[in-house]
Structures are given as structure tokens and as C-alpha cells.
Amino acid sequence: MWTNWSGGQQSRPRATDRPLDEAGVVAAVLRAANRGQRIRPVGARWSWSPLAVTDEVQLDLSALTGVVAFGRDRVRVRAGERLQDLLPELSRRGHALAAVPRGDGVTVGGAVSSGTHGSGASVGSLSSLVEGVRLVDGAGELRRIDGPDLDAVRTGLGALGVLTEVDLAIGPERIMMAGEELRALDELLDEGFFETHVWTELEVFPDGQAMAKWANPVEDDPDEPERGVAGRAVAVGSAAAVGAAVGSAHALSRVVPRLAPALRRSASRWSGSTTGPAYRVLVAERPVRAEVSEWAVPREALGHALRELAAATAARDLVPRMPVLVRVGAPETGWLHPAYGRATAWVAVRARRGTAFEPLFGLVASVLGDVDGRPHWATRHDWTAPDVDAAYSRAPDFRRVRDRLDPDRRFASPHLDALLGP
Ligand SMILES: Cc1cc2nc3c(=O)[nH]c(=O)nc-3n(C[C@H](O)[C@H](O)[C@H](O)COP(=O)(O)OP(=O)(O)OC[C@H]3O[C@@H](n4cnc5c(N)ncnc54)[C@H](O)[C@@H]3O)c2cc1C
């Protein structure tokens, strides 16, 4: 029995291939083609949606790891490489990726194919960093893609072929200094919190408070007081600042007792260690086994979206038991990227494993869909092809590339059939 990371998706593939190199990927695709079977690439299994699920042949890319080549401003990496290995390797060489997601167990191929993002008003997703790929198409042909088709591949959903190598843009390593503070959500939004810092994240609680987390590159003396959330001087990372946040969280947890554990966890994210390379500061240390539904809403609609969500969940007694996670991102060029063509705010609603999340996620989809939200493909959603067509002006172009790279739908699955059509 195959399961994804959260345990919420299960399947019984009739076979699993685990190629050791690119030639092995070609052979696996040709073998599936000769047998008339469908084959589905899978990375680290971290998607909450059935993106990687198949009952036919599963192509496990976990052995396709390692850096192929380093350049001054790009790295070529095998698609099964996990960020938890790549990011420290880049750091040792004085480099970094601009985007750092919360979870670093993901593979480069999976992250790129699903549009994985970090957070920051001017920061694109991992998909946006892609400068070229090597891909095995549905006929088992190895192709180099670095032209116009790249905007299809950026969020290819595993529908176009198997990525074997990915070129990612890299920048210089930056030491980040991070802080956190419990504040009223409305104040934070009014003060332009998301525009004030390079990296930002909010965990929003049902009573209108939010744990604001931010990080900026250290430019001068790391011991100097850093910008506060609202311009107030806050000794970021100091025991006092973290202690105050934890204290406020504890006070709030008395008011909202069922959120107490989550509040304590979020308040102690950095555990007193708040300065270091981005890959150490920004990755969430203890990912919680939860189900997630995350939506990309137009950046300017964020305040309205959060108010609507709070009112709707309270009215139906479906208030999430975990804080709502809010992040931001720059407009994307990937044709099926949820942030395609617009500055975006990501709103993630989480439900602990084992809880009945469907009513809550159904409501979330309805409320955030109404504000022009688009679901993160790797999280739980109920979208089908008509929704995709209505929301993505370049969906026809994506399908044309799919028709060219995989005319026989070697990489299809029931989930992809629903999402993209047969
Ligand atoms: C704890 C946790 C934290 C997370 N944090 C974030 C976050 O901060 N931001 C965010 O945006 N997302 C986040 N995610 C979601 C995650 O980034 C995506 O689910 C991502 O797709 C996972 O990568 P993976 O390697 O597990 O891919 P999988 O889930 O295995 O596959 C995802 C998709 O990619 C395809 N695929 C995989 N490898 C290849 C390949 N080589 N070639 C072609 N297609 C391929 C699969 O077919 C599938 O369609 C998080 C998930 C978890 C569980």
C-alpha cells in the first residue's frame, strides 16, 4: 500500500519503478508504453492532493539525486534531490535559493511541478527559479526545454513528462535575522506588514490576533535592533522579544483554550535561535501531520478574504483548530501556477490528521473561490477542468504542450483527467 506523507492519500500501484539514472527513467517510460500502462512520477510524496497517486505504474524518483553542475548564478540538479540536501550544499558554496518553503523534505522535481512557494512580497516560487529542464516525454524521448514551453513545465503537475534534471537560478547566501510578535491582524494589514520585510508569515487565530513572523537579511551588525513589525524598535531574536511573544500566546491560549498547543508551537518557532542562513531560519522545524487546503487569492483581496473566512467558519461552527497560515508571493509566469499573473496572498487552512476536514475545506473552497482564489495544486481542493479553464487564461496553451509532449497520456491519472480533461 502506497501512502502520501500525511497518510490521507493511499493507492496500490500495480508496479513501482525506481530508476537509478536518466537512462533508467527512459527505460521505465518505454516499458510502460510497450505494456500500454500509465506511469506517474512521484517525488517525496508530500502532496496532500492526489497529484502523485496512481493505481498503475509509479515512478519513484528518490534515487535520482545530487548536484550535476554549479555555475555562478545557477545550479543543475537531479530532480529527485531533496531541498534538505540541496540547500545546505548551496550554502556551503556561498549560494542560496530565493524561495524557501516551510517543508524542505520535498524534491526539486515535485516542488517545481506543483508550484511550491515560500513567502515574501517580491519572492517568486521555486517554479519561477527554473531556467531549463531535461525531461523524458510520453514517447520516452529525452528533451531539453528552456524556451517558451518552460512556462508550462514550471507548474507541469507531472502531466508533461518526467523531469530528470532542473536548472535553478541561485543568488548569494544571505544571513537572515528573524523575529515574531503577537499582534492584532487588522493593525498588521493596515501597517503594510507584508511589504515591510523580505520574508513574512502570519498565523491568524480566530479572535483576530495573529502571530507575525518576519525575517530580513542581516546587513550590518547582527546585534543592532531590527525594524519592528510596525516600525517600532524590537530586538529581533532577543530573549525579550521571543519571551513577550510566548507570554502573549500563553495569555491568548487561556482565552481560546483549544488553540493553546498550536499557539505555543507557533510562538516558539525559532526556539531562541533567530539568525542564520535562510534554509535554517525559514524552514518550519516540526511539520505537523495535518491536511491542508491552501488558496492563492489576489494580494489586494487578502483582508476581505480573511474577514469572510472568519465570519463563514464561525457562522457554521467550523472554526479551524489550527491557526490560518498566511503568506505572500510575487506574480508568476508559469501558466498553471496559482499566482500566475498577479501578486498573491496564500491562505492555508489546516486540519489535524484524523479530524473530519471535508466540511471545513468545502467551506474554505467556496469562500476563497468567491474572492477569485485558486487552489494550491498540492493541497486539498475540489477543482475540475471547467474551474481551471475559467481561472487560467493560458490553460489552452498548457494543453497544447501536453498534446505535444504526451499525446498518448502516458502520465495521466484519474486526478489529472478530472483537472485537465482526458
Ligand atoms: C510538511 C509540509 C510542508 C510544506 N510546505 C510547503 C510550503 O511551504 N510551500 C508550498 O508551496 N508547499 C508546501 N508543501 C507542499 C509541497 O511542497 C508539495 O506537495 C510538493 O509537491 C511536494 O514535493 P514532493 O517531492 O513530495 O512531490 P510529490 O508530492 O511526490 O509530487 C507532486 C507532483 O509532482 C510530480 N512530480 C514529482 N517529481 C516529478 C518529476 N521528477 N518530474 C515530473 N513530475 C514530478 C508528481 O507527479 C506530482 O504531480 C508542504 C508539504 C508538506 C507535507
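Counting starts at 1 for both ligands and their atoms, in listed order. Numbers here are sequence positions counted from 1.
- Selection from Ala378, Ser119, Gly109 by nearest heavy atom to atom 39 (C) of ligand 1 gives Gly109.
- Nearest protein neighbour of atom 22 (C) of ligand 1, counting heavy atoms only, is Val106 CG1, 3.4 Å.
- No part of His415 comes within 4.0 Å of ligand 1, judged by heavy-atom distances.
- In summary, the atoms of ligand 1 found under 4.0 Å from a heavy atom of Leu157, numbered by their order in the structure, are 49 (O).
- Salt bridge absent: Arg134 and Asp146 never bring a charged side-chain N and a carboxylate O closer than 4.0 Å.
- No N or O atom of Glu294 sits closer than 3.5 Å to an N or O atom of ligand 1.
- Residues His376 and Trp295 place their aromatic rings such that the two centres sit no closer than 6.0 Å.
- Scanning the protein for heavy atoms near atom 44 (N) of ligand 1, the closest one is Ser113 OG, 3.3 Å.
- When only non-hydrogen protein atoms are considered, atom 13 (C) of ligand 1 lies nearest to Thr116 CG2, 4.3 Å.
- Ring geometry for Trp377 versus His381: interplanar angle over 60°, hence perpendicular rather than tilted (30 to 60°).
- Remark: ligand 1 and Gly43 share an N or O pair separated by less than 3.5 Å (distance only, no angle test).
- Electrostatic pairing of Arg280 and Asp104 does not count as a salt bridge here, judged by no charged N lying under 4.0 Å from a carboxylate O.
- A salt bridge does not link Glu56 to Arg14: none of the charged side-chain nitrogens sits closer than 4.0 Å to a carboxylate oxygen.
- Of the heavy atoms in Pro41, both backbone and side-chain atoms come closer than 4.0 Å to ligand 1.
- Using modelled atom types, one finds a donor on one side chain and an acceptor on the other under 3.5 Å when comparing Thr333 with Asp151.
- For ligand 1, the atoms sitting less than 4.0 Å from at least one non-hydrogen atom of Arg40 are 47 (O), 49 (O), numbered in the order shown with element in parentheses.
- Ranking protein heavy atoms by distance to atom 9 (N) of ligand 1, first place goes to His117 O, 2.7 Å.
- Salt bridge annotation for Arg342-Asp372: present, with a cationic side-chain nitrogen under 4.0 angstrom from a carboxylate oxygen.
- In summary, the atoms of ligand 1 found under 4.0 Å from a heavy atom of Ala79, numbered by their order in the structure, are 41 (N).
- Protein heavy atom nearest atom 12 (N) of ligand 1, with residue, atom name and distance: His376 NE2, 3.4 Å.
- The residue among Trp377, Trp5, Trp346 with a heavy atom at the shortest distance from atom 53 (C) of ligand 1 is Trp5.
- Between Leu163 and ligand 1, at least one pair of N/O atoms sits closer than 3.5 Å.
- The distance criterion of under 3.5 Å between nitrogen or oxygen atoms is not met by Gly115 with respect to ligand 1.
- Looking at heavy atoms from C-beta onward, Arg380 lies in side-chain contact with Gln9 at the 4.5 angstrom threshold.
- Looking at atom 19 (O) of ligand 1, its nearest protein heavy atom turns out to be Ser47 OG, 2.9 Å.
- Less than 4.0 angstrom separates some heavy atom of Pro101 from each of these atoms of ligand 1: 7 (C), 8 (O), 9 (N).
- Here Glu291 does not pair with Arg350 in a salt bridge; the nearest charged N to carboxylate O distance is not below 4.0 Å.
- With hydrogens and angles left out, the side-chain atoms of Glu201 and Ser119 include no donor and acceptor closer than 3.5 Å.
- Close approach to Arg102 involves these atoms of ligand 1, each under 4.0 Å from a residue heavy atom: 5 (N), 7 (C), 8 (O).
- In this structure, the protein non-hydrogen atom closest to atom 24 (P) of ligand 1 is Ala44 N, 3.4 Å.
- For Gly110, a nitrogen or oxygen atom sits less than 3.5 Å from a nitrogen or oxygen atom of ligand 1, counting backbone and side chain alike.
- In this structure, Arg353 and Thr355 have side chains that are not in contact, with every pair of non-hydrogen atoms separated by 4.5 Å or more.
- Of the candidates Ser125, Ser114, Ser128, Ser125 is the only one forming a side chain to side chain donor-acceptor pair (under 3.5 Å) with His337.
- Every atom of ligand 1 is numbered from 1 in the order shown, and the set under 4.0 Å from a heavy atom of Ser114 is 18 (C), 20 (C), 21 (O).
- The atoms of ligand 1 that sit less than 4.0 Å from any heavy atom of Gly103 are 3 (C), 4 (C), 5 (N).
- With respect to Asp397 and Arg394, a salt bridge is recorded, a charged nitrogen being found less than 4.0 Å from a carboxylate O.
- Of the listed residues (Phe411, Trp48, Trp46), the one carrying the non-hydrogen atom nearest atom 14 (N) of ligand 1 is Trp48.
- Ion pairing between a basic and an acidic side chain is recognised when a charged N comes within 4.0 Å of a carboxylate O; Arg183 and Glu191 show such pairing.
- For the ligand labelled ligand 1, residue Arg82 lies outside the 4.0 Å heavy-atom shell.
- A salt bridge between Asp149 and Arg402 is absent, with no side-chain N of the basic residue lying under 4.0 Å from a carboxylate O of the acidic one.
- Given atom 43 (C) of ligand 1, the protein heavy atom at minimum distance is Gly161 O, 3.4 Å.
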